[in-house]
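I have placed the structure first, in the form of structure tokens, so that the comments after it can refer back to it.
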Amino acid sequence: MSASPLVTRILTAEEIPAFIGTVFRAFLEDPVPEDVAAEIDLVEPHRTHGAFDGDELVGGATMLSKRMTLPGTGPHPVAAISCVAVAPDHRRRGAMGQLIRAQLHSQHGTGDAFAALYASEGDIYGRFGYGLAGHRAFFAVPRGAEFQSTVDISDGRIREVDKETALPLMHHLHSKVAPTRAGWVDRTKASWQAFLAQNEAELRNENATKWRYAIHPEGYAVYQVRKKWETRKPEHEVYAREILGTTPQAYAALWRYLLDLDLTTTVRAEAAADDPIIHMLKDATDNARQVSDGLWARIIDIDRALPLRAYSAPVDVVLAVEDTLCPWNAGSWRLVAEADGPATATRTDAEPDLALDVRELGAVFLGGTTVQQLVAAQRIHELTPGKARAASRAFAGDAQPHCPEVF
């Protein structure tokens, strides 16, 4: 007998615990009750779809309500895709495709104009129109590494305080910085709790401390120490959950503080691929950097999404877009924008200048991946000479997009 067709629909509040259980099962995890409760607090039932085999919930996906910073225009609503999961014994039946289609179609016209996610496996989401829009960089800097003589670490005092003392300042400073950095998202009370959550069993397995909070009048660092005693002397490593400064001087001061901690050998941190620590160090070889994929972006409605951001140079280009999952995007669109001014994206019958899939449009949307990169990769095809260069300049951002938390 063949399997019955799967049915996808919005979940009720009562079904959310079962959905979260399915997510943990799909990711091969055995959660503790605290982990389940924290995930339940983040999920909005009316933005969560489930896939059913008869009455059995076998998969699901949610869209967190967040605001993501776009180049030049600050925060805008985004469908922050999370908890995309299908039970191991129900895979290869099209459940994920149904879930993602349902998400995108639910936002068409009146909902969020674009979506973003972190991918557990990078080859999954391209076929659903998501493009690689940003990267994550992982830095490892040896203790005591010197800064360039021009680096000013200010005279603001850094103090270590408890979580309750640190949180109000952290919330205030994050809310100032997030709207200025492409890819950053706002944080609710629940998302702050999730960002700072720690599992006691994992801490014991990693021989790690709980989060420590170092605050500066214009910044903060959240870090832990992962303890190592492989020789007679301690070789502990500092792992920074987040280093934030509202000024370059505060940011440098916090890095200096972590680099000068006694009993340690290395400071590890995640940041944008073009983080200033790259150029702050006196010896650039003191910085071991690994880069991996980060944010993936998906345009839901071209006419609503492209005008949301600012463009770095004037552009007038006709884009021939393919989009099988969201057919309302397919066809030719004329993007017209002034440098740092208003932009429009309208349907047109004019001859196209560039031909691309919607995933490539998502890849360049946040200003990290360039049009020229994708032309060189044979992912965007230039039909009118010179238009790729013009579009590449326009879509480029001032900095590499990055999101400090995985959602």
Side-chain angles (χ1 to χ4, degrees), residues 70-73 113-117 119 122-137 182-183 272-274 291-303 305-327 329-341 343-402:
L70 297 183
T73 59
F114 70 104
L117 55 77
D123 62 343
I124 294 176
Y125 291 94
R127 67 178 187 266
F128 299 127
Y130 283 86
L132 179 54
H135 290 82
R136 305 167 71 188
D274 58 350
V291 178
S292 72
D293 68 295
L295 282 171
W296 293 70
R298 213 289 183 191
I299 304 299
I300 298 176
D301 287 325
I302 288 175
D303 57 333
L306 294 191
L308 291 179
R309 54 155 294 173
Y311 294 83
S312 297
V315 67
D316 186 344
V317 62
V318 176
L319 308 171
V321 180
E322 293 185 10
D323 192 344
T324 57
L325 201 59
C326 299
N329 283 330
S332 292
W333 296 85
R334 184 183 180 191
L335 172 64
V336 179
E338 297 297 327
D340 296 319
T344 60
T346 55
R347 284 201 174 275
T348 181
D349 294 326
E351 289 296 314
D353 301 310
L354 302 175
L356 65 162
D357 189 89
V358 72
R359 71 174 182 266
E360 278 68 65
L361 204 53
V364 302
F365 184 60
L366 297 180
T369 305
T370 70
V371 171
Q372 290 283 54
Q373 281 179 299
L374 295 179
V375 169
Q378 302 177 58
R379 300 269 297 275
I380 292 179
H381 301 285
E382 184 178 47
L383 307 177
T384 303
K387 285 295 186 177
R389 185 166 180 256
S392 199
R393 288 181 173 182
F395 273 96
D398 293 331
Q400 284 290 309
H402 172 66

Short question: side chain of [X], backbone of [Y] - any donor-acceptor pair under 3.5 Å?
| X | Y | result |
| --- | --- | --- |
| S312 | A396 | yes |
| D274 | Q400 | yes |
| T73 | L308 | yes |
| R298 | F128 | yes |

[X] versus [Y], closest heavy-atom pair with distance:
| X | Y | result |
| --- | --- | --- |
| A350 | V318 | O-CG1, 4.0 Å |
| S332 | P352 | OG-CB, 4.4 Å |
| A305 | I299 | CB-CG2, 3.9 Å |
| A394 | A313 | CB-O, 3.5 Å |
| A272 | A137 | O-CB, 3.7 Å |

How far does [atom1] of [X] sit from [atom2] of [Y], to the nearest 0.5 angstrom?
| X | Y | atom1 | atom2 | result |
| --- | --- | --- | --- | --- |
| I302 | R347 | CD1 | CZ | 7.5 Å |
| F114 | L70 | CZ | CG | 4.0 Å |
| Y125 | L117 | OH | CG | 6.0 Å |
| E382 | Q372 | CD | CD | 7.0 Å |
| K387 | L319 | NZ | CG | 10.0 Å |
| C326 | D301 | SG | CG | 8.0 Å |

Near D123 CG, under 6.0 Å, is it more than 12 heavy atoms from other residues, nucleotides or ligands?
-> yes
Step through the shown structure and confirm whether more than 12 heavy atoms of other residues, nucleotides or ligands are within 6.0 Å of CG on D316.
-> yes
Using a 4.5 Å cut-off on heavy atoms from C-beta on, say whether the side chain of [Y] contacts that of [X].
| X | Y | result |
| --- | --- | --- |
| L354 | V371 | yes |
| D357 | V321 | no |
| L335 | F395 | yes |

Worked check of side-chain contact (heavy atoms from CB on, under 4.5 Å) between V336 and Y311 = CA-CA 10 Å; V336 179; Y311 294 83; over 6 Å; no
